[in-house]
Structures are given as structure tokens and as C-alpha cells.
Amino acid sequence: MLIFSRLISSQYFLIKDLKHDIHCENLIYFTNLSKEEFSADEVIELYSKRWDIEVSYKTMKTTQEIERHISLNGDVARNDIYAKVLFHNIVGVLRKEINHELEKRQTEKNMS
């Protein structure tokens, strides 16, 4: 039986740069993490990280077919998973670095 001991409400703002639109939503978090151990901000941060992991796993399932293995041999299947996770992580690091460089260039362009 799951018992919720807390309800946390938070506002989420999404700002779209191209149109300068601002969108606000109220988010509600249900948790059984105690107030003594976790502040509301910590709970929101944990849920955000968990959501990132869920999205990452979904991406691996759809783009790299992580649940589909090339062999029935356990060692080969395990190495297949390791390779797919490694590839996913390398792509993520590269994507982050490229986005950072593009943002830097855009900022420099706007300043000149």
C-alpha cells in the first residue's frame, strides 16, 4: 500500500526565445519523502533528475533498441547493452558540448 505523506506544489515557467512567449504551469509532486530529510526544492530536483533518466531510457529503447539483443549468449547480450549505453552517453556529452558552443556563438553574435 502506497501512502503519500506530502504534496508539493511548484510553478514551472517555460520561456520560448523565438517568440518571447512565457508559459506557466503548476506542477504537483506526490511523495513519501519526509520533510525532515528532504526540502521541497530537493524533492523537485530529485523528480527532475528521475524524469531525465526516464527520458534517456526511452531514447535508448527507441533509437538504439536497447531491449533487443544480437545474441542469446549472456556475455554477448551484456556487452551489447554496455556498448549501447556507452554510445548513448558519448552522444549525450557531444550534444551538450555542441549546444554550449552554439549558445556561446549566438551570445557573441548578439553582443556584436
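Values reported hereafter were calculated over all heavy atoms of this structure, with side chains retained and with hydrogens, waters and symmetry mates removed.
Taken to the nearest 0.5 Å, the CG atom of Asp41 stands 11.0 Å off from the CG atom of Leu46. Taking CD of Gln106 as the start and CD of Glu108 as the end, the distance is 10.5 Å to the nearest 0.5 Å. Interatomic distance, Leu94 CG to Ile90 CD1, rounded to the nearest 0.5 Å: 7.5 Å.
In this structure the side chain of Asn79 reaches within 4.5 angstrom of the side chain of Tyr82, judged on heavy atoms.
What you find for Ser71 and Ala77 is that their closest heavy atoms are O-CB, 4.0 Å.
Sorted by first then second residue, the salt bridge (charged side-chain N to carboxylate O under 4.0 Å, His left out) pairs that include residues 71-90, not counting sequence neighbours, are Asp75-Arg78, Asp80-Lys84. Sorted by first and then second residue, the pairs that involve residues 55-65 and meet salt bridge (charged side-chain N to carboxylate O under 4.0 Å, His left out), not counting sequence neighbours, are Glu65-Arg68. Evaluation of the salt bridge (charged side-chain N to carboxylate O under 4.0 Å, His left out) test over residues 88-103, restricted to residues two or more places apart or in two chains, returns Glu101-Arg105.
A donor-acceptor pair shorter than 3.5 Å can be found between the side chains of Ser56 and His88.
The salt bridge (charged side-chain N to carboxylate O under 4.0 Å, His left out) search around Glu42 returns none, not counting sequence neighbours. Every ring-ring contact (aromatic ring centres under 6.0 Å, His included) that Tyr47 has, sequence neighbours left out, goes to Tyr29.
Grouped by direct or indirect side-chain proximity (heavy atoms under 4.5 Å, Ile/Leu/Val/Met/Phe/Trp/Tyr only), Val85 sits with Tyr57, Met60, Ile66, Ile81.
Formation of a donor-acceptor pair under 3.5 Å by the Ser48 side chain with backbone atoms of Ile44 is not found in this model.
Around CG of Leu102, the count of heavy atoms belonging to other residues, nucleotides or ligands within 6.0 Å exceeds 12.
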